[in-house]
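Following: one structure in structure tokens, then a few remarks.
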Amino acid sequence: MQEFSLLSGDDYVELYKVLKVQGLVNAGGDAKRVIAEGMVTVNGEVDTRKRKKCVVGDVIEFNGVAVKIIPAE
């Protein structure tokens with residue numbers, strides 16, 4: 001499982017940004033499309049909100065890859 005560390009001072013990260021920053025898609029537009037098409041799960045449930053606020057402990061899954069949100073270091 002990959003990890004995504006929040007930036008210092010941030011309480012959340014938007015869902016599409018996780019996919020983009022982790023390199024699971026080529027661009028933000030691609031992330032928004034796969035989310036809208038129901039191809040992404042958050043904590044085991046499909047979520048189609050591109051700007052969903054993902055917080056520490058959330059697990060995002062796409063294309064067989066899981067990413068866990070962790071606190072800023």
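Reckoned from all heavy atoms, side chains included, excluding hydrogens, waters and symmetry mates.
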Quick one: name the residues clustered hydrophobically with Phe4, using the 4.5 Å side-chain heavy-atom rule over I, L, V, M, F, W, Y, and just say none if it's on its own.
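Hydrophobic cluster check, Phe4: joined to Leu6, Val13, Leu15, Tyr16, Val18, Leu19, Val21, Leu24, Val25, Val34, Ile35, Met39, Val40, Val42, Val56, Ile60, Phe62, Val65, Val67, Ile69.
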Given a cutoff of under 4.5 Å between side-chain heavy atoms of I, L, V, M, F, W and Y, with clusters grown through shared members, what are the other residues clustered with Val55?
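Joined to Val55, directly or through intermediates: Tyr12.
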Sort and list the pairs that fulfil side-chain hydrogen bond (donor to acceptor under 3.5 Å, both in side chains) and have at least one residue in residues 32-47, not counting sequence neighbours.
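Of all non-adjacent pairs touching residues 32-47, those that pass side-chain hydrogen bond (donor to acceptor under 3.5 Å, both in side chains) are Asn43-Asp58, Asp47-Arg49.
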Applying side-chain contact (heavy atoms from CB on, under 4.5 Å), can you list everything that pairs with Ala66, at least two apart in sequence or on another chain?
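Listed in chain order: Met1, Val59, Glu61.
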Quick one: side-chain contact (heavy atoms from CB on, under 4.5 Å) partners of Thr48, sequence neighbours excluded?
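side-chain contact (heavy atoms from CB on, under 4.5 Å) check on Thr48 returns Val46.
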Can you see which heavy atom on Ser5 is nearest to which on Ala72, and at what distance?
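In this case the closest contact between Ser5 and Ala72 is OG-CA, 3.6 Å.
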My understanding is that only residues two or more places apart in sequence, or in another chain, count here; which of them pass salt bridge (charged side-chain N to carboxylate O under 4.0 Å, His left out) with Lys17?
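Result, salt bridge (charged side-chain N to carboxylate O under 4.0 Å, His left out) vs Lys17: Glu14.
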